[in-house]
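No hydrogens, no waters, no symmetry mates; every other heavy atom, side chains included, goes into these values.
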Amino acid sequence: MSHVAYELGTQPACWERAAELVPAQRAVLPQPGERTAIVGCGTSYFMAQAAAVLREGAGQGETDAFPASEFPRHRRYDRVVALTRSGTTTEVLDLLGALRDAGVPTTAVIGDPATPVMTLADELVVLDFADEQSVVQTRFATTALTLLRAHVGLHTPAVVADARTALTEPLPAELASRGQFTFLGRGWSVGLANEAALKMREASLSWAESYPAMEYRHGPISVSGPGTATWSLDEAPEGLAAQVRATGAQWVAGQLDPLAELVRVHRLALAVAAHQQLDPDAPRHLTRSVILTTGEEAVR
């Protein structure tokens, strides 16, 4: 069994532990009314997108999400939360150092505390039980999002039950043989759709895209057709399923909590990788953490 296959299967248990941590960590997470930014890179950025929409929608305060490299340093926030599995990613460390110098309170949600991030962030939330050996992130990302979701009162045991269902129910027939995948979301699940597409690219080298569901009719549907699949992680807009099917594409309707639907996509990514005889633990051109040299930072 690959590392990523094992790790994605442990997500329900990790989510339960994250939710249990919230009371003890509440003081270092964004407080109601705080103007907050959540940052990350790659997968962590997409989790930040989802968490920001959830927090603001719960009435907890204005919340933005940024890639760490694109954070607007001229803006003022009451707190910045950094999601970083490794604690070594260059862009995250650079930003935390700058925010420390500017006196902006920061919290890092991390998988490995024995890394440089521990000296740069003001507060740490350690999810070491969700850390991973794999390059391709699954459980750390969804566990970090569960922590933030539970913190604003939007996590329930039903989400964990859905995740267990996502691990056991069969994937739609013929889905793994499709050559192109599109993932759709609404509200907070737009970030999950972005992450679903990234997982397909990383693990299986698939052509994968993602869009807000209502935007799909505004051009992207033109690339749908026989041999493609469109998967809605959330409730689909009225009539969209029929329009997609009319193109000849396979339509997959999300039936579970959107985060559990993402677990199903994790399984799909491995199924497509197996179909193409790829090793998901050795994704092309990727490393577990992006650590840049001084010269590389200068030209990025």
* Taking 4.0 angstrom as the limit, do Arg186 and Glu235 come out as a salt bridge? -> no
* Asked: Is Arg149 paired with Asp257 through a side-chain N to carboxylate O contact shorter than 4.0 Å?
  -> yes
Once rounded to the nearest 0.5 Å, what's the spacing between atom [atom1] of [X] and atom [atom2] of [Y]?
X      : Y      : atom1 : atom2 : result
Thr43  : Phe140 : OG1   : CZ    : 10.5 Å
Gln60  : His151 : CD    : NE2   : 6.5 Å
Tyr211 : Thr182 : OH    : OG1   : 6.0 Å
Arg217 : Gln243 : CZ    : CD    : 4.5 Å
Thr115 : Arg85  : OG1   : CZ    : 12.5 Å
Leu145 : Leu54  : CG    : CG    : 6.5 Å

* Which atoms form the tightest heavy-atom contact between Ala203 and Ala269, and what is the distance? -> CB-CB, 3.9 Å
* If you look at every heavy atom in Ala50 and Trp188, which pair is closest and at what distance? -> CB-O, 3.4 Å
* To do: Check Asp131, Thr10, Thr146 against Arg139 for a side chain to side chain donor-acceptor pair (under 3.5 Å) and give me the one that passes.
  => Thr10
Looking at [Y], is its backbone amide N or carbonyl O close enough to the side chain of [X] to form a donor-acceptor pair, meaning the two atoms are under 3.5 Å apart?
X      : Y      : answer
Arg55  : Val152 : no
Thr36  : Glu34  : yes
Gln31  : Leu29  : yes
Glu261 : Ala253 : no
Gln250 : Ala173 : yes
Ser134 : Val136 : yes
Ser2   : Ala5   : yes
Glu132 : Thr138 : yes
Arg35  : Thr63  : no
Arg201 : Ala208 : yes

How about [X] and [Y]: do any of their side-chain heavy atoms sit closer than 4.5 Å?
X      : Y      : value
Pro116 : Thr88  : yes
His266 : Gln11  : yes
Arg100 : Thr106 : no
Thr247 : Ile221 : yes
Leu233 : Val265 : yes
Ile110 : Leu127 : no
Asp64  : Arg75  : yes
Lys199 : Leu268 : no

* Assert yes or no for the condition that the ring centre distance of Phe183 to Tyr216 is strictly below 6.0 Å. => no
* Identify which one of Leu154, Leu83, Val22 satisfies the side-chain contact (heavy atoms from CB on, under 4.5 Å) criterion when paired with Leu148. => Leu83
* Does the side chain of Arg79 come under 3.5 Å of the side chain of Thr107 through a donor N or O and an acceptor N or O? -> yes
* Structure fact -> Contacts of Asp234 meeting salt bridge (Lys or Arg N to Asp or Glu O under 4.0 Å) (sequence neighbours excluded), chain-then-number -> none
